[in-house]
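Input: a single structure, listed below in structure tokens.
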Amino acid sequence: MRIDVLTLFPEMFTGVFNASILGKARDKGIVELSTVNFRDFSGNKHNTVDDMPYGGGGGMVLQAEPVFGAVEHLLQQAGEDASKPRMILMCPQGTPLTQKKAIELSGESHLIFICGHYEGYDERIREFLVTDELSIGDYVLTGGELPAMVVIDTVVRLLPGVLGNEQSAITDSFSDGLLEYPHYTRPADFRGWRVPDVLLSGHHAEIEKWRRLQSLERTLVRRPELLENADLTPKEKQWLEDKRKLLDR
Ligand SMILES: NC(=O)c1ccc(NCc2cccc(O)c2)nc1
């Protein structure tokens with residue numbers, strides 16, 4: 001997979017692209033990560049990329065020219081036609097990012113992110129270039145860079161070969177639609193706080209059952225709305241009903 005990020009602050013990505021799991025994925029050639037400073041494509045001698053809004057009012061609007069110029073340069077470099085890459089604009093008005101959306105994006109061959117610092121983008125960017133508008137949550141940040149890093153992190157970790165199989169992304173929270181079960185490791189007794197006996201029993205079927213019920217209970221208590229889309233057996237639905245009654249007392 002190739003990921004390009006259009007930003008005015010490429011230096012923000014150096015650490016994130018070189019450290020830890022993303023850095024290793026890059027070294028292994030599983031993903032190509034690069035930034036493009038769209039100020040280099042401003043098209044004017046002052047290198048400006050924003051201008052006052054037509055129709056008056058405050059604030060500045062990111063112009064279309066530098067963004068289109070940077071994208072066309074990237075497509076030229078990658079030798080692709082304009083239809084191929086997903087063009088993702090990070091903004092608070094975007095579609096909320098979910099694990100499902102991350103899984104969808106992890107199937108793409110080329111993602112281009114546009115990170116802005118403006119209350120407004122020239123609408124022609126949205127209308128003629130962008131394929132997806134994404135938001136990482138209902139809050140406003142100084143720019144789209146941190147949101148782009150979040151999306152890139154959650155997408156790249158899903159690519160084959162990025163996580164060792166011991167960290168499989170499949171058993172993540174949200175992959176089966178439920179929250180994760182509790183984890184324990186040595187020692188079995190820490191300050192008198194013991195690991196649940198079932199986890200020490202070696203009975204794998206019992207352990208799987210315990211973990212599934214813990215996920216269900218944790219989801220019921222913390223994020224009950226996730227249960228609507230979860231894939232539950234009739235027995236699990238009954239168990240949840242009984243649990244709900246207990247909790248509602
Ligand atoms: N929730 C998010 O994903 C998110 C994304 C970007 C951002 N700031 C830049 C920006 C960009 C566009 C319009 C705008 O109002 C602010 N803040 C939050």
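Just so we're clear, the structure is a prediction, and the values are computed from it rather than from any experiment. Order of appearance sets the numbers: ligands from 1, and atoms from 1 within every ligand.
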Would [X] count as a polar contact of ligand 1, with the cut-off being nitrogen or oxygen pairs under 3.5 Å?
| X | answer |
| --- | --- |
| Leu141 | yes |
| Gly137 | yes |
| Ser135 | yes |
| Tyr139 | yes |
| Ile136 | yes |

Item to check | Exceeds 12 heavy-atom contacts within 6.0 angstrom, atom NE2 of His183 | outcome: yes
Item to check | Heavy atoms from other residues, nucleotides or ligands near CG of Asp231 exceed 12 (cutoff 6.0 Å) | outcome: no
Item to check | N/O donor-acceptor pair under 3.5 Å between Arg26 side chain and Leu33 backbone | outcome: yes
Checklist entry - For ligand 1, is any non-hydrogen atom under 4.0 Å from Pro147's backbone (N, CA, C, O), its side chain (CB onward), both, or neither? => result side chain
Next on the checklist: Which residue is it: Arg244, Lys243, Gln238? I am looking for the one with a side chain to side chain donor-acceptor pair (under 3.5 Å) to Glu241.
Outcome noted: Arg244
Item to check | Lys/Arg-Asp/Glu bridge criterion (N-O < 4.0 Å) met for Glu104, Lys101 | outcome: yes
Next on the checklist: Starting from Ile21, can I reach Val156 by hopping between I/L/V/M/F/W/Y residues whose side chains sit under 4.5 Å apart?
Outcome noted: yes
Next on the checklist: Looking at every non-hydrogen atom in both residues, tell me the closest pair between Pro196 and Trp210 and how far apart they are.
Outcome noted: CG-CZ2, 3.8 Å
Next on the checklist: Check for me whether Met90 has a heavy atom closer than 4.0 Å to any atom of ligand 1.
Outcome noted: yes
Item to check | Subset of ligand 1 atoms that lie under 4.0 Å from at least one heavy atom of Val140 | outcome: 17 (N), 18 (C)
Checklist entry - What atoms of ligand 1 come within less than 4.0 Å of a heavy atom belonging to Gly116? => result 9 (C)
